[in-house]
Amino acid sequence: MKIPRKEELLKLQAKYRTDKRIGEALGGVPEYLVAYWRRKKNIGRYSLPKYSKEQIKDLWERYGNDTKAGAELGISKSGFYKWRKLYNLLEKPKALKFQQLEFSLAGQTGLSKSAGIPVNQSSRKSTIAQKLLAKKAGKAEILVGEIVNVEPDLAMSHDNAGLVIKQFKQIGQSQVWNPHRIVIPLDHRAPAESEKTATAHKSIRGFVREQKIKNFYDIKEGICHQVVIEKAHILPGELAVGTDSHTTSYGCLGALSTGIGATEMAALWATGRIWLKVPDSINIIIQGKMPKGVYAKDVILYIIGQLTVEGASYKSVEYYGETVTKMSVSERFTLCNLSMEMGAKFAVVPFDRIARKYLFSITRQKYEPIFSDRDAVFEKEYEFDVSNLEPQVACPHNVDNVKPISEVKGIKVDQVVLGSCTNGRLDDLKVAAKILKGKKIHPEIRMLILPATRTIYLQAMKKGYLKTFLDAGAVILNPGCGPCLGAHEGILAAGERCLATTNRNFKGRMGSPESFVYLASPAVAATTAIKGEIADPREFVK
Amino acid sequence: MVKKFKGKTWVVGDDIDTDQIFHGQYLPLTDPKEMAKHAMEFVPGMEDFIKKVKPGDIVIAGKNFGCGSSREHAVVCLQENGVSCVMADSFARIFYRNAVNLGFPLMECPGISKIVKTGDKVEVNLETGEVTNLSTKKKLKGQPPSGLELEIAKKGGLLNYLKG
């Protein structure tokens with residue numbers, strides 16, 4: 001191979017930064033060899049500054065404020081100032097970039113200064129939704145029913161970014177409001193299952209390059225919601241919107257998040273603002289120790305069964321109680337994720353020690369959690385005791401058609417799916433692996449397993465779960481949404497029944513309109529796979 | 001903004017989800033005309049909807065219409081078939097937002113599914129919220145859009161609203 005010249009090496013360094021990655025880009029040259037070439041050519045390890053002038057200039061023109069611009073890079077106010085001074089960017093920008101297109105509400109003038117305004121401690125009787133939206137809107141207090149115009153901390157889109165891009169181009173603005181706050185993982189049809197999808201994916205890849213959206217995760221990474229959590233794109237006290245209904249999941253970290261449509265996402269990309277109505281809140285208290293063989297999935301299915309599919313319509317749901325405070329972030333994720341199925345706008349488990357501990361393991365970013373006031377006004381309050389709960393199953397064709405396992409066991413199924421944003425995390429795989437260890441899946445059952453993300457896939461590999469699954473006779477699919485929305489990888493034929501750990505059992509959701517989907521926990525899924533019919537996991541979970 | 005609609009109705013039940021209105025397998029479609037071909041495909045009893053729907057028809061639903069996914073296709077496919085307006089006892093949140101943002105007239109009208117049968121002629125006034133079933137002469141009052149929703153509706157959708 002040809003040794004690169006000095007200019008070439010400098011260019012590579014600008015692009016790839018580290019010796020290791022330069023080596024990889026050159027086709028597997030070892031790190032030490034690149035380092036050797038560098039020394040020979042008298043190039044420092046980091047001869048180029050960490051942040052380019054373009055990058056600093058771009059942020060400075062977007063914000064005109066050291067604190068906010070620094071926050072985008074994860075550096076302090078003075079840190080950003082130093083970089084700015086280095087590049088001689090001393091004057092305030094005349095006009096801020098993201099204000100190119102002003103989005104103002106009727107009767108409301110100008111943009112509110114959202115960041116940096118502390119939550120008014122004296123405003124009482126407010127829920128998390130009220131306080132967080134008030135903070136974002138730059139107001140001391142807001143009332144339920146008010147419409148606010150806010151700048152979210154995160155705008156997430158998945159494969160439907162293709163549609164968002166189409167709408168964005170119609171607006172006629174050349175640049176997105178803030179490439180740092182846009183996250184796009186491809187997961188719904190990954191890898192592309194048709195030419196149409198391939199074309200959409202291609203247009204998304206082109207767009208993120210052109211707009212410098214660095215938080216783009218190609219088909220390898222996994223399900224969008226889990227990726228957002230794992231990569232710390234959302235933090236407690238932040239506001240997120242996503243073009244997916246299950247965006248409510250980020251409440252597991254004490255954030256507010258909700259699903260929106262593609263057109264409004266395009267408008268958000270252009271203006272940095274979105275209109276949200278301040279919702280009423282409901283308070284769900286869960287008490288009691290979950291019995292063996294009963295999991296967060298059973299708890300939330302039971303609640304949906306009681307409250308019905310529109311029981312929390314337009315509402316912000318806050319979860320409290322000793323059962324919730326003991327749940328892991330993953331279990332809280334399941335709660336918040338499925339809250340969408342009762343119509344919730346937001347679902348949130350208030351930030352606490354467990355969320356802090358989890359966050360500490362993935363990020364050192366600063367955050368500011370928000371809590372409801374002690375005397376916050378909730379529209380309704382529900383209390384559930386789970387200490388005698390049975391495993392639950394949501395029967396076709398509605399998520400609120402929930403029955404205890406004793407009423408449905410014995411129903412023959414053809415396919416079992418373990419995965420999805422609802423239940424595809426390491427603890428879910430662990431439960432299933434424990435049950436499947438040393439056993440064989442029923443010969444008439446097809447069991448499909450999809451770890452939610454690449455990280456989880458790797459962890460499951462290390463722990464040996466994947467071997468357990470393969471030994472038992474399961475099919476392991478790549479991280480992503482897979483068959484959950486009936487797009488590919490496990491479509492059902494007419495008359496077939498599937499038991500899945502996913503989130504929807506609508507008519508025809510996984511394929512033929514004549515097929516049937518049952519929703520349950522990973523433990524029920526594993527037990528059902530062994531028995532060939534819906535079975536109670538409690539005899540296997542000791 | 002058109003404020004009055006008169007048309008033949010298609011009545012569907014409660015909790016009609018987005019998979020029934022526009023199934024997930026067609027999500028890669030981005031051309032509205034293509035989307036229109038799959039409208040209401042999985043709704044029980046609506047098998048002939050695509051064949052027989054005419055511009056100006058009105059869709060009436062029970063509670064929680066459009067629950068489930070955030071897909072905008074569910075609104076676009078009705079819009080492209082010329083459906084003039086949707087009324088329901090209640091709507092699911094994201095469907096409602098999408099309709100407002102796409103400039104598709106809709107109105108929450110509790111009790112509407114009780115007074116209308118498929119094929120009835122209905123007159124709607126989106127300004128006052130008055131609904132009249134011309135076939136049975138029954139009347140009802142819904143909640144017409146107001147505030148920001150009305151502003152967006154006047155411009156025919158969020159994108160036009162932004163362009164001013």
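Within every chain, numbering begins at 1; the chains are lettered A, B, ... in the order of the sequence lines, protein sequences first and strands thereafter.
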Legend entry - Structural part of B/F91 lying under 4.5 Å from a heavy atom of chain A: both
Legend entry - Contacts of A/K277 that satisfy side chain to side chain donor-acceptor pair (under 3.5 Å) - sequence neighbours left out: none
Legend entry - Under 4.5 Å from any heavy atom of chain B - which part of A/A262: both
Inset, instruction - Determine, for A/R504 against A/E341, whether the closest basic-nitrogen to carboxylate-oxygen distance falls under 4.0 angstrom. - result: yes
Legend entry - Contact leader toward chain A among B/Q25, B/R71, B/Q20, where contacts are heavy-atom pairs under 4.5 Å: B/Q25
Legend entry - Contact leader toward chain A among B/G157, B/P44, B/A92, B/S69, where contacts are heavy-atom pairs under 4.5 Å: B/S69
Inset, instruction - Identify which of A/R509, A/K507, A/R189, A/E193 forms the greatest number of heavy-atom pairs closer than 4.5 Å to chain B. - result: A/R189
Inset, instruction - Could you walk me through whether A/N160 and A/M265 pass the side chain to side chain contact (heavy atoms under 4.5 Å, CB included) test, one step at a time? - result: CA-CA 10 Å; A/N160 62 13; A/M265 184 55 91; over 6 Å; no
Inset, instruction - Side chain from CB out, backbone as N, CA, C, O: work out which of these in A/I165 comes under 4.5 Å of a heavy atom of chain B, or both, or neither. - result: neither
Inset, instruction - Determine the option with the most heavy-atom pairs under 4.5 angstrom with chain B, choosing from A/D159, A/T308, A/T197, A/T258. - result: A/T258
Legend entry - Largest heavy-atom contact set with chain B, pairs under 4.5 Å, which of A/G162, A/A192, A/S245: A/S245
Legend entry - Lys/Arg N to Asp/Glu carboxylate O, B/E130 vs B/K141, below 4.0 Å: no
Legend entry - Under 4.5 Å from a heavy atom of chain A, the part of B/V100 involved: side chain
Legend entry - Side chain proximity check, A/Y314 to B/Y96, heavy atoms < 4.5 angstrom: yes
Legend entry - Pairs where residues 161-170 of chain A contributes a residue and the test side chain to side chain donor-acceptor pair (under 3.5 Å) is met, not counting sequence neighbours: A/Q167-A/Q170, A/Q167-A/T263
